[in-house]
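Below is one structure, written out as structure tokens; comments come after it.
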Amino acid sequence: MTVTPFPTARARAATRAPYRAIGIWLLVCAGLVFAMAVIGAITRLTESGLSITEWKPVTGALPPLSDAAWAEEFAKYQATPEFALKHSGMDLAQFKGIFFWEWFHRLVGRLIGVVFLLPFLFFLATRRVPRSLVPRLAGLFVLGGLQGALGWYMVKSGLVNRPDVSHYRLAAHLSLAVLIYVAMLATALPLLFPAASGAVHRARGSLRRHAGIAMALVATTMVWGAFTAGLDAGQAYNTWPLMNGTFAPEEMWNLSPTWLNILENTAAVQFTHRWLAILTGLVVWSYAFRALRADVQGRVRALAIAVAVMVLVQISLGISTLLMFVPVHVAATHQAGALVLLGLFTWTVVEYRRA
């Protein structure tokens, strides 16, 4: 009888090497999506998003390279409602400043497409991708293409009749970016970090559900953050914890029907975002308390501590953004903090599912 020996550590490492390469590639792509979301926040905060009035996926990769080309781009912007109603005194030098952020935002989007597609094709050609992963990876590429189209659909809403993009389209654009980011992390992490035996307490089912609820609340709060940004609601009621001396301003119920206020009324949208953040913080802290009390071990324990700390940092950043009248660097860091927190919960849920 032939006895098959246990694989050596070197053999196991060699078997996992292709999967690890795929995991690193996806993690790099997720990092680029993270960066693009933060750059997108800066683009919004500097009112740069409407500076490029056309969508040219290929030829638009290069900025204007001559004075005549710059003059042409500026003339197109001068024909927009935003220029007429908000920036009529802007000169060419100032236009170049806002043009940079929108161009850079789109450039990173193109870079993500290249960084995703070329290695994907290589892994397919060399048969390094597990067959079960091919549909998911192809789906991620399709979502990336849809994200570019959705970004242009968002921009178009601010080029006709109004000087701002639709806050609904802004929220949809951010939500799709978040979906892609989470999907990339959820695919990459199991390839990079083997499941840790015995790392999760026997109550993992309940804890996993609790973590999932907390993660959903983080995502929902981010959506209302996009509504807040899209309506410039952060520029009003710059006090905490009260809103200009009241818990809930009377004007937050001005729209009819009543439910429309939490979607379109500046006061109600900011109120909803504030208290969603507090609710999210309480749910995150209760999850961390339960997980640590259950004496979870390994990565799950470290992640429980990390989300408890990060949600406190994130709430502090949100309050600071409001009290300081939305400075670009603080508000962009607030957006980054939300993505970090969501990433930590993605990893947490991945660990529970593999236990």
Side-chain angles (χ1 to χ4, degrees), residues 31 33-52 82-83 85-91 93-108 151 154-155 158 163-167 170-171 173-174 177-178 181 218 221-245 249 265-278 280-281 309-343:
V33 174
F34 180 103
M36 189 174 181
V38 175
I39 294 166
I42 296 172
T43 302
R44 169 64 192 167
L45 291 162
T46 56
E47 297 187 339
S48 303
L50 300 177
S51 59
I52 301 179
E82 182 176 78
F83 181 85
L85 298 174
K86 298 172 71 173
H87 296 155
S88 58
M90 177 178 286
D91 59 24
Q94 292 170 319
F95 171 70
K96 288 181 179 181
I98 65 169
F99 184 96
F100 167 78
W101 283 112
E102 176 63 10
W103 170 79
F104 188 45
H105 183 53
R106 297 188 188 194
L107 180 67
V108 174
M154 176 189 70
V155 169
D164 292 296
V165 301
S166 162
H167 68 293
L170 176 66
H173 189 46
L174 176 64
V178 166
Y181 169 71
V218 172
T221 305
M222 289 182 72
V223 171
W224 257 267
F227 287 167
T228 302
L231 293 171
D232 291 324
Q235 303 290 346
Y237 309 101
N238 299 95
T239 58
W240 179 268
L242 300 179
M243 297 176 68
N244 291 357
N265 183 306
T266 297
V269 165
Q270 192 196 116
F271 179 89
T272 303
H273 184 54
R274 284 179 178 223
W275 294 104
L276 268 175
I278 296 302
T280 300
V309 173
M310 191 62 220
V311 78
L312 180 60
V313 171
Q314 179 65 356
I315 291 173
S316 299
L317 283 169
I319 295 172
S320 299
T321 299
L322 187 67
L323 296 180
M324 298 170 70
F325 291 82
V326 198
V328 173
H329 65 288
V330 179
T333 304
H334 185 47
Q335 173 108 315
L339 291 166
V340 169
L341 185 58
L342 200 62

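As the structure is a computational prediction, the values presented were derived from the model and not from experiment.
- By the ring pair (Phe, Tyr, Trp, His ring centres under 6.0 Å) test, F100 pairs with F104, sequence neighbours left out.
- Looking at heavy atoms from C-beta onward, T43 lies in side-chain contact with I39 at the 4.5 angstrom threshold.
- When atom types are taken as modelled, the side chain of H334 and the backbone of T321 share no donor-acceptor pair closer than 3.5 angstrom.
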Exercise answer: donor-acceptor pairs, residues 224-234 side-chain atoms, under 3.5 Å, sequence neighbours excluded:
from: W224; atom 1: NE1; to: I262; atom 2: O; distance (Å): 2.8
from: T228; atom 1: OG1; to: W224; atom 2: O; distance (Å): 2.7
from: D232; atom 1: OD1; to: R44; atom 2: NH2; distance (Å): 3.1

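- Here the CE atom belonging to M324 is positioned 10.5 Å from the CG atom belonging to L317, to the nearest 0.5 angstrom.
- Distance CZ/F83 to CZ/F95: 10.0 Å, rounded to 0.5 Å.
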side-chain contact (heavy atoms from CB on, under 4.5 Å) assessment of Q314 paired with V340: CA-CA 9 Å; Q314 179 65 356; V340 169; over 6 Å; no
Report the C-alpha distance between L170 and L174 in whole Å, list the side-chain angles of each, state the deciding distance to 0.1 Å, and finish with yes or no for side-chain contact (heavy atoms from CB on, under 4.5 Å). CA-CA 6 Å; L170 176 66; L174 176 64; 5.8 Å; no
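- Remark: the backbone N or O of L50 is not paired with any side-chain donor or acceptor of E82 at under 3.5 angstrom.
- I52 contributes atom CD1, which lies 4.5 Å from atom CZ of R106 (distance to the nearest 0.5 angstrom).
- The minimum heavy-atom distance linking F325 with Q235 is given by the pair O-OE1, 4.0 Å.
- Between the NE2 atom in H167 and the CE atom in M154 there is a gap of 13.5 Å [rounded to 0.5 Å].
- For the atom pair CG (L276) and CE (M222), the distance works out to 13.0 Å, reported to the nearest 0.5 Å.
- No side-chain donor-acceptor contact under 3.5 Å links R274 to the backbone of G318.
- Classification of the Y181-F34 ring pair by plane angle, with boundaries at 30° and 60°, yields tilted.
- Between S51 and F99 the shortest heavy-atom distance is OG-CA, 3.4 Å.
- In this structure, K86 and P163 approach most closely via the heavy-atom pair CD-CB, 3.6 Å.
- Nearest heavy atoms, H173 versus G151: CE1-CA, 3.4 Å.
- Nearest heavy-atom pair, I315 versus G281, reported as atom, atom and distance to 0.1 Å: CD1-CA, 4.0 Å.
- Between V218 and A338 the shortest heavy-atom distance is CG1-O, 4.2 Å.
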For a side-chain contact (heavy atoms from CB on, under 4.5 Å) check, start with the C-alpha distance between L323 and N238, then their side-chain angles and the critical distance, and finish with the verdict. CA-CA 5 Å; L323 296 180; N238 299 95; 5.8 Å; no
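- By the side-chain hydrogen bond (donor to acceptor under 3.5 Å, both in side chains) test, T46 is found to be paired with S48, residues two or more places apart in sequence or in another chain being considered.
- Atoms CG and CE, from L312 and M310 in turn, are 9.5 Å apart once rounded to the nearest 0.5 Å.
- Contact check for L322 versus Q270: side-chain heavy atoms found under the 4.5 Å cut-off.
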Show your reasoning for whether side-chain hydrogen bond (donor to acceptor under 3.5 Å, both in side chains) applies to E47 and H87. CA-CA 10 Å; E47 297 187 339; H87 296 155; 2.9 Å; yes
